Amino acid sequence: MRDFLNALSVRAALGFGLVFVLAYFGIRLIVLVRRSITTGDTSQTDLAAEFQEMRGTGDISAEELRNIQAVLGRKRDSS
């Protein structure tokens with residue numbers, strides 16, 4: 001049995017098999033993580049409300065808010 005496992009072709013096949021298994025589970029993990037962190041439910045209304053809140057706390061100026069609203073309005077019109 002030990003001689004069989006020491007054969008170069010068997011060790012190479014086991015090595016490639018291990019690499020493919022690790023790559024498979026790595027890709028599955030990446031897909032799972034990416035799916036959990038991406039959100040496709042952010043609407044223009046939600047974004048506008050968040051920017052209004054940022055204006056209220058002083059994080060952005062009134063001019064910046066108007067520019068953002070203009071961009072959001074253009075995106076809403078083109079949708």
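Remember, predicted model here, so these are calculated numbers, not experimental data.
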Which residues pass the side-chain contact (heavy atoms from CB on, under 4.5 Å) test with [X], not counting sequence neighbours?
X	answer
Thr57	Asp59
Arg11	none
Val19	none
Ala62	Arg55, Arg66

Just how far is it from atom [atom1] of [X] to atom [atom2] of [Y], taken to the nearest 0.5 Å?
X	Y	atom1	atom2	result
Ser9	Leu14	OG	CG	9.5 Å
Ile27	Leu22	CD1	CG	11.0 Å
Leu32	Arg28	CG	CZ	8.0 Å

* Asked: Any chance CD of Glu53 has more than 12 other-residue heavy atoms, nucleotides or ligands included, within less than 6.0 Å?
  -> no
* To do: Assess whether atom CG of Leu18 is packed by more than 12 heavy atoms of other residues, nucleotides or ligands within 6.0 Å.
  => yes
* Members sharing Phe25's hydrophobic cluster (side chains within less than 4.5 Å) ->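 Joined to Phe25, directly or through intermediates: Val21, Tyr24.
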* To do: Taking the side chain as every heavy atom from C-beta outward, state whether Leu47 and Ile68 have any atom pair closer than 4.5 Å.
  =>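 A side-chain contact under 4.5 Å is absent here.
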* Are the side chains of Gln69 and Leu65 in touch, meaning some heavy atoms are under 4.5 Å apart? -> yes
* Check Ile60 against Phe51 and note the closest heavy-atom contact, atom names and distance. =>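 Minimum heavy-atom contact is CD1-O, 3.7 Å.
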* Under the side-chain contact (heavy atoms from CB on, under 4.5 Å) rule, what do Met54 and Glu64 come out as? Steps first, then yes or no, please. => CA-CA 10 Å; Met54 289 175 68; Glu64 289 171 323; over 6 Å; no
